[in-house]
Amino acid sequence: MASKAQSRLMRPINGGLAQAGNIFELFVDVFRKLFVRPFQWREFIEQSWFIASVSILPTALVAIPFGAVVSLQTGSLIKQLGAESFTGAVSVLATVQQAAPVVTALLIAGAAGSAVAADLGSRTIREEIDAMQVLGIDPIQRLVVPRVIGMVLVAILLNGLVSVVGIAGGYFFNVFMQDGTPGAYLSSFSALAQLPDLYVGELKAAIFGLIAGVIACYKGLHPNPGPKGVGEAVNQSVVITFLVLFFANLILTLVYLQIVPPKGA
């Protein structure tokens with residue numbers, strides 16, 4: 001009885017570890033076949049446009065209230081501490097380093113990742129992937145690589161959009177709703193910010209886009225049989241991507257804070 005209970009307990013753990021290994025194997029395959037010619041430029045452009053079309057509007061709409069919340073919360077807290085002149089630096093750095101990459105990653109995974117998983121899952125259950133392999137066409141090079149690289153590119157561009165929209169929204173709410181000073185808001189940002197803060201935001205966006213693309217493609221290529229299996233694969237891809245993104249964000253933030261000292265330190 002004890003061995004059966006232990007086996008039931010270890011089954012999901014072993015399954016999770018096996019799935020993590022398979023996802024990492026797909027990541028390695030994507031990296032290797034990125035340099036295999038010919039690169040599918042047409043598929044890359046089409047998928048990049050599709051990913052941007054389903055992600056850009058939700059991302060911009062989410063960035064406005066997100067930047068406003070960050071600005072209002074930090075402005076209220078800093079006002080209690082008597083350091084109103086640093087409101088701009090805190091809200092802008094929080095938006096550029098943390099909020100913008102995370103919002104971009106969540107929207108990329110939720111909107112674009114689910115669409116990619118559904119597309120590849122439907123191709124898999126219709127046996128299109130098997131037919132490609134029979135014809136000698138590598139589905140990783142033909143379908144997966146352009147989608148993953150497209151998600152990385154769109155994530156980097158959307159991160160810049162979220163940063164601009166979030167900073168503008170935070171500036172508006174701080175100046176017009178909390179009676180902040182425009183000059184102090186901008187001067188504190190320029191006094192405490194540095195270029196690596198922007199670099200780490202873009203690096204996070206690229207890594208998050210890569211993670212979302214690989215996980216979405218993996219779940220799309222390995223659904224359970226039938227339309228129900230495709231729906232389950234889409235849901236699993238979004239949930240797994242969210243969990244991995246938050247852990248990746250924690251690790252990247254810790255490494256960045258250890259490597260790059262704060263300005264003026």
Side-chain angles (χ1 to χ4, degrees), residues 11-55 104-155 206-248:
R11 190 177 299 120
I13 297 177
N14 293 333
L17 292 176
Q19 190 171 97
N22 293 334
I23 292 174
F24 182 76
E25 182 182 6
L26 179 60
F27 168 78
V28 174
D29 285 342
V30 169
F31 182 77
R32 282 194 306 108
K33 292 171 183 178
L34 174 63
F35 304 100
V36 175
R37 296 295 178 264
F39 183 78
Q40 303 298 323
W41 286 104
R42 181 173 181 177
E43 186 78 12
F44 166 70
I45 294 172
E46 290 178 352
Q47 292 301 317
S48 298
W49 175 253
F50 170 73
I51 293 168
S53 64
V54 300
S55 304
T104 301
L106 296 182
L107 269 297
I108 284 287
S114 60
V116 168
D119 176 41
L120 293 180
S122 62
R123 290 171 182 258
T124 301
I125 65 172
R126 292 198 304 264
E127 299 182 351
E128 292 183 18
I129 304 299
D130 295 336
M132 293 177 64
Q133 293 174 336
V134 170
L135 294 173
I137 301 173
D138 188 355
I140 305 298
Q141 181 190 3
R142 180 65 178 81
L143 300 176
V144 174
V145 171
R147 285 164 170 77
V148 172
I149 302 303
M151 292 186 74
V152 172
L153 175 63
V154 175
I207 294 176
F208 294 165
L210 177 63
I211 292 173
V214 171
I215 293 177
C217 291
Y218 172 79
K219 299 305 294 186
L221 292 175
H222 301 86
N224 293 324
K228 181 181 177 181
V230 177
E232 292 175 350
V234 171
N235 293 334
Q236 292 172 6
S237 70
V238 174
V239 173
I240 294 173
T241 303
F242 281 8
L243 294 175
V244 175
L245 289 179
F246 283 115
F247 279 106

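- Nearest heavy-atom pair, Arg142 versus Met132, reported as atom, atom and distance to 0.1 Å: CG-CE, 3.6 Å.
- The main-chain N or O of Gly220 is found under 3.5 Å from a side-chain atom of Thr124 such that the two form a donor-acceptor pair.
- The two residues Ile108 and Ser55 have their closest heavy-atom pair at CD1-OG, 4.0 Å.
- Ion pair Arg123/Asp119 flagged as a salt bridge, since at least one NZ, NE, NH1 or NH2 atom sits closer than 4.0 Å to an Asp/Glu carboxylate oxygen.
- Rounded to the nearest 0.5 angstrom, Gln236 CD and His222 NE2 are separated by 12.5 Å.
- Of the possible donor and acceptor atoms, none in the side chain of Glu128 sits under 3.5 Å from a partner among the backbone N and O of Leu120.
- Between the Ser114 side chain and the Ala111 main chain, a donor and an acceptor come within less than 3.5 Å of each other.
- When all heavy atoms of Cys217 and Leu26 are compared, the closest pair comes out as C-CD2, 4.2 Å.
- The residues Glu232 and Lys219 are annotated as not salt-bridged, no charged nitrogen and carboxylate oxygen being separated by less than 4.0 angstrom.
- Looking at every heavy atom in both residues, Ala216 comes nearest to Ser237 through CA-CB, 4.1 Å.
- For Val145 against Val30, the heavy-atom pair with the smallest separation is CG2-O, 4.0 Å.
- Rounding to the nearest 0.5 angstrom, the gap separating the CE atom in Met151 from the CD1 atom in Ile215 is 10.0 Å.
- To the nearest 0.5 Å, the span separating CG on Leu34 from CD1 on Ile140 amounts to 13.0 Å.
- In this structure the side chain of Val148 never reaches within 4.5 angstrom of the side chain of Phe31, judged on heavy atoms.
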| field | Audit row: Ile129, Leu143, side chain to side chain contact (heavy atoms under 4.5 Å, CB included) steps and yes/no | value | CA-CA 10 Å; Ile129 304 299; Leu143 300 176; 3.7 Å; yes
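- Taken from OG1 in Thr104 to CG in Leu245, the straight-line distance is 11.0 Å, to the nearest 0.5 Å.
- Atom-to-atom distance recorded for Thr241:OG1 and Phe208:CZ is 12.0 Å, nearest 0.5 angstrom.
- Shortest non-hydrogen contact noted between Pro223 and Leu221 is CD-C, 3.3 Å.
- Between the side chain of Ser48 and the backbone N or O of Ile45 there is no donor-acceptor pair closer than 3.5 Å.
- For the atom pair Ile149 CD1 and Phe39 CZ, the distance stands at 6.0 Å (nearest 0.5 Å).
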